[in-house]
Amino acid sequence: MNNINVGLLGFGTIGTGVFRVFEKNAQLIERRLGASLTLARIADLDITTDRGVTPAAGVLTTDVDEVISNPEIDVVIELIGGYEPAKSFILKAIANGKHIVTANKALMAVHGEEILAAAEQYGVEVMFEAAVGGGIPIISAIKENLCANQFSSVLGILNGTCNFILTKMTDEGEDFAPVLKEAQELGYAEADPTFDIEGVDTAHKIALLSALCFGTRVDFEQVYTEGVTKISALDIQFARQMGYKIKLLAIGKQDEGQIEVRVHPTMIPESYQLAEVDGVFNAVRLSGDFLGPAMLYGSGAGMDATASAVMGDLIAIARNVAAGVGRTSPIMGYCADQIDTLPLKPMSEIVTQYYLRVTTVDRPGVLAQISARLGDHNISIQSMLQPERHEADAVPIVLMTHEACEADIVKALEEIDALDIVQEPTRLIRVENDLG
Ligand code: HSE
């Protein structure tokens with residue numbers, strides 16, 4: 001029986017998960033692959049910490065070249081994360097003819113083009129299913145099963161940490177900080193949790209999904225990114241009263257040769273399937289011209305689910321290696337010379353509904369002043385909520401607008417926040433009532 005040797009870079013949480021799959025499901029993998037897979041080398045700077053698993057003698061090494069320059073190794077799994085040294089290691093492994101499996105969304109979203117060019121040059125495969133949605137097979141669904149569709153939108157709840165935090169804040173009324181700590185202890189958060197809570201991790205993922213769906217480059221620096229740190233219990237409560245839930249939604253849309261790619265807290269109607277995606281779970285909702293809408297749902301973070309996605313890629317590559325063929329489908333789902341550079345719609349031009357919470361004094365004429373400023377900028381109010389006064393001076397006025405242009409909202413809020421009756425900056429949350 002053929003044997004395919006695999007090298008692993010990075011023996012952290014996900015690396016340990018991958019090791020456990022090798023150990024537990026070796027026979028199953030052989031039956032599916034028709035060849036054996038051997039985890040021949042694992043490189044990490046730290047090879048002494050007890051990870052609860054026991055690699056055979058000689059497998060662990062601190063020398064990365066024993067993986068990326070080892071002629072015996074066919075496939076390299078990169079689970080170091082971050083830009084460097086992961087990028088240099090991957091490029092060197094590619095130049096040495098190794099196929100790559102990576103979970104590195106930051107690297108693929110920001111430096112993907114360089115890695116793809118190298119992969120084209122050396123004729124190797126690069127797979128990154130684990131980079132988006134943990135264990136959910138969303139990338140292969142877009143690239144393979146659904147590839148006959150023209151996609152108009154891809155919407156996702158893509159960060160387990162943020163979804164876990166928002167769910168706990170919604171269901172149990174807990175504060176932000178202790179829930180973040182719990183998510184970190186459960187192994188969901190990135191090493192630096194600012195990438196999670198500031199929306200950067202989600203932005204990496206939607207940049208990749210949009211590129212895969214729409215066949216375009218996405219300039220990551222241009223993706224509007226707003227995290228969950230400013231979400232308050234008050235907004236969660238008002239959203240609920242209006243029949244909405246607040247989620248950190250990643251939005252990718254394509255319309256008439258232009259794309260929208262953005263990440264921000266979003267109010268979605270409670271009745272939508274996406275609103276029911278709670279805890280560490282992720283979901284991606286796609287809209288294809290023949291498929292119609294479809295949603296994929298599953299564990300979005302954590303050792304086992306992510307290891308499952310890594311192993312799926314590994315086995316797909318190993319099948320090709322065993323069959324003596326190289327890459328059989330394009331890395332980004334479109335032929336490399338067919339990838340467009342579609343213009344990204346600026347945030348100022350997006351059109352959506354808005355939730356506005358204005359903090360003001362409670363006296364006659366206040367509402368008239370606020371609605372006049374909105375009216376001056378063509379913004380129409382759909383509904384309004386003013387809870388009973390609890391404090392002597394400050395009261396929230398909650399407004400839901402009809403669809404409006406972001407530039408008009410920004411101008412109106414500048415004027416509203418400059419009024420002497422307004423006591424703190426108005427809180428804005430975008431509302432998604434049309435999933436396409
Ligand atoms: N920190 C990420 C999350 C892990 O919370 O979803 C998976 O990418």
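All figures in this text were calculated on a predicted structure; none of them were measured in a lab. When a ligand or atom number is given, it counts from 1 through the structure's own listing order.
- Looking only at protein heavy atoms, the nearest one to atom 5 (O) of ligand 1 is T161 OG1, 2.6 Å.
- For F214, the ring-ring contact (aromatic ring centres under 6.0 Å, His included) test picks out no residue, with sequence neighbours left out.
- Shown in contact with K205 at under 4.0 Å from a heavy atom are these atoms of ligand 1, numbered in order with element: 2 (C), 6 (O), 7 (C), 8 (O).
- When only non-hydrogen protein atoms are considered, atom 6 (O) of ligand 1 lies nearest to G160 N, 2.7 Å.
- Interface of G300 with ligand 1, defined as ligand atoms under 4.0 Å from a residue heavy atom, comprises 6 (O), 7 (C).
- The contact set between ligand 1 and A301, taken as ligand atoms under 4.0 Å from a residue heavy atom, comprises 3 (C), 4 (C), 6 (O), 7 (C).
- For the pair G134 and ligand 1, no heavy-atom separation below 4.0 Å is found.
- Heavy-atom contacts of D196 reach the following atoms of ligand 1: 1 (N), 2 (C), 3 (C), 5 (O) (cutoff under 4.0 Å).
- The single protein non-hydrogen atom nearest to atom 2 (C) of ligand 1 is E190 OE2, 3.2 Å, given as residue, atom name and distance.
- Between the side chains of T266 and E432, no donor-acceptor pair of N or O atoms lies under 3.5 Å.
- Near K105, meaning under 4.0 Å from one of its heavy atoms, ligand 1 places the atoms 7 (C), 8 (O).
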Tabulate below the donor-acceptor pairs under 3.5 Å that side-chain atoms of residues 129-146 make, not counting sequence neighbours, or state none.
from : atom 1 : to   : atom 2 : distance (Å)
E129 : OE1    : I139 : N      : 3.3
E129 : OE1    : S140 : N      : 2.8
E129 : OE1    : S140 : OG     : 3.4
E129 : OE2    : I138 : N      : 3.0
E129 : OE2    : I139 : N      : 2.9
K143 : NZ     : I331 : O      : 3.0
E144 : OE2    : S329 : OG     : 3.1

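- Using a cutoff of 4.0 Å between basic side-chain nitrogens and carboxylate oxygens, E226 and R430 are scored as salt-bridged.
- In this structure, Y297 and F281 have parallel ring planes: the angle between them is below the 30° cut-off, well short of the 60° mark.
- Of the candidates V228, T170, I231, I246 forms a side-chain contact (heavy atoms from CB on, under 4.5 Å) with just one, namely I231.
- A donor atom on one side chain and an acceptor atom on the other are not found under 3.5 Å apart for Y224 and E260.
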